[in-house]
There are 2 protein chains.
Amino acid sequence: MSDGRSGQSFSGESLLFLTDEQLRQGIEAMFFAYRGFTADPDRILSEMAYGRAHHRAVHFINRAPGTTVNNLLTILGVTKQSLNRVLRTLIGDGLVESRVGTVDKRERHLFLTEHGHALEATLSDAQRARMRSAYKDAGPEAVQGFKRVLEAMMDADMRRAYGKMRETGS
Amino acid sequence: MSDGRSGQSFSGESLLFLTDEQLRQGIEAMFFAYRGFTADPDRILSEMAYGRAHHRAVHFINRAPGTTVNNLLTILGVTKQSLNRVLRTLIGDGLVESRVGTVDKRERHLFLTEHGHALEATLSDAQRARMRSAYKDAGPEAVQGFKRVLEAMMDADMRRAYGKMRETGS
DNA sequence: AGTTTAAGTCAGCGTTGTTGACATTCCAAG
DNA sequence: CTTGGAATGTCAACAACGCTGACTTAAACT
C-alpha cells in the first residue's frame, strides 16, 4: 500500500515502521514455510505408523539423552498424557528405552536405541537437506537475520530452553 | 559434529559450509518460533469453539474475498472434507457468507460477514503484535533475511501462491 | 448425450491435543 | 516413624482436525 520502499523518512524510526501489509506477508511466509519445513519428515513418517509428535520426541531425546519425561514435556509444550501415548508406542516398538532413575525412582530417563537412532537420522537428514538448501539459496547474512527474528518470536521461556540447547550445542 | 566453527577454510565456499549442528539450531528455532507464532491466536480461539483451522480459513478469506472453495483448499493444503467441516461451522455461525457464482454457478464465493471481519481483526491484531515486536527486536536487515530464508524453505507451488499474494498485496 | 468439474455430504479412521482419575515414589512435618 | 502432600508417570475417554472412500447434485464442457 502506498509505499513499498518509499521512505527512508524519519530518523531511525523509519526502519521500525511496519505496515499491516508487511506484517501479514511475514505471517503468511511463516505459514507456508512451516509447511515446507515439516513436509519431508511427515512424508517419511506417514509410511510408518508415526506422526509429527513422534518425530519431535525422537529429536529431543537424541538431543538430550537421558532426559526425563518431565523435561521433555516442558520442551515440547504438551501434557504428560499426550507425550506418554507417543512414548509408549516408541518404547513398545523398541525405538526408545526408558530407565528408572537411580537417585529418584519416580523419574524415567529416556534414551534412543539403535533403531531409534536410525529413525532419527533418517528424519533429520531429510529436514536438514531442506534447511541446507534454503540457507544456501538465501545466503549467510539472511540466515543470521532469520535466526534473529525467530528467536524474537519465541515465548520467553522457550527462548531460554532454546538458549540452553545452543550452549550444550555440538 | 567434530568441528563447530573450525574453518573459514576454502574460498567463498566457507560461507556455504553448514555443520549439522548449525542446521539443527535452525530446525529447533523454527519449532519454538512457530509455537510462539500461533500461541496468541490459539489462546483466543480456544475460548470460542474454534481452532487453528478456522483461523486459517478466516485469514485467507479476508485476504482474498470472493475466493472459491477450490482456491481455498489449494492454499490451505487440506482436503475438501476437512475444509468443509470448518466452513460449515463458520457459515452456520454467521462469520462467513457463501454466494453462488454468477458466471459459473457451480462455484461458491466466500466472504467474511461483519462478525467474520471482527474475529479476523481480533486474531490478526494479536498475531501482528507478536510479529511487530519480533521485527522490532531483530531489526530491519534481519527481517529481510528472515523472509528470504522462509521463501527458500517453501515448496515451489506454495512459493508461487505466496508470490501471487504479495503482488495482489493490499 | 456423455463426461468432467465444483461443491457438498456421510461414514469411518488416525494422530495428537485435552481433562480426569489413579498408582507410585519421595520428602518433610508432626 | 508415620502420615500427608507434592512430584512423576500411567490409563481412559473425549475433541479437533487431518485423512480416505463412496456418493449426490448441479453446471459446464465437448
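No hydrogens, no waters, no symmetry mates; every other heavy atom, side chains included, goes into these values.
The distance from atom CG of A:Leu76 to atom P of D:dG9 is 13 Å, rounded to the nearest whole Å. Atom pair B:Leu90:CG and D:dC17:C1' shows a separation of 13 Å (rounding to whole Å applied). One can place CG of A:Leu45 at 16 Å from P of D:dC19, the figure rounded to the nearest angstrom. Per the geometry, CZ belonging to B:Arg56 stands 15 Å off P belonging to D:dA16, to the nearest Å. Atom CD of B:Glu107 is separated from atom C1' of D:dT25 by 16 Å (rounded to the nearest Å). The distance between atom NZ of B:Lys105 and atom C1' of D:dC29, rounded to the nearest whole Å, is 16 Å.
For the atom pair CZ of B:Arg159 and CZ of A:Phe32, the computed distance is 12.0 Å after rounding to the nearest 0.5 Å. In this structure, the separation between CD1 on A:Ile75 and CD on B:Glu28 is 8.5 Å, given to the nearest 0.5 Å. Annotation: the span from A:Met154 atom CE to B:Arg35 atom CZ amounts to 10.0 Å, rounded to 0.5 Å.
In terms of position on DNA chain C, the residue among A:Ser82 and A:Thr102 whose nearest nucleotide sits closer to the 5' end is A:Ser82.
Geometrically, B:Arg99 engages B:Phe111 in a cation-pi contact, judged by NZ or CZ lying under 6.0 Å from the ring centre and within 45° of the ring axis.
Relative to the side chain of B:Ala53, the nucleotides D:dC17, D:dT20, D:dC11 differ in distance, and D:dC17 lies closest.
Listed here is the closest heavy atom pair of A:Thr67 and A:Leu72: OG1-N, 4.2 Å.
If you check every strand for non-hydrogen atoms under 4.0 Å, B:Thr68 touches sugar and phosphate atoms only. Using a 4.0 Å heavy-atom cutoff across all strands shown, A:Val100 reaches no nucleic acid atom at all.
Electrostatic pairing of B:Asp40 and B:Arg43 counts as a salt bridge here, judged by a charged N lying under 4.0 Å from a carboxylate O. Salt bridge annotation for B:Glu151-B:Arg148: absent, with no cationic side-chain nitrogen under 4.0 angstrom from a carboxylate oxygen.
Under 4.0 angstrom from either OP1 or OP2 of D:dC14 there lies no side-chain N or O belonging to A:Arg85. Put simply, B:His54 has no side-chain N or O that comes within less than 4.0 Å of OP1 or OP2 on D:dA16.
On the nucleic acid side, DNA chain C has its first and last nucleotide under 4.0 Å of a heavy atom of chain A at C:dT15 to C:dC26, going 5' to 3'.
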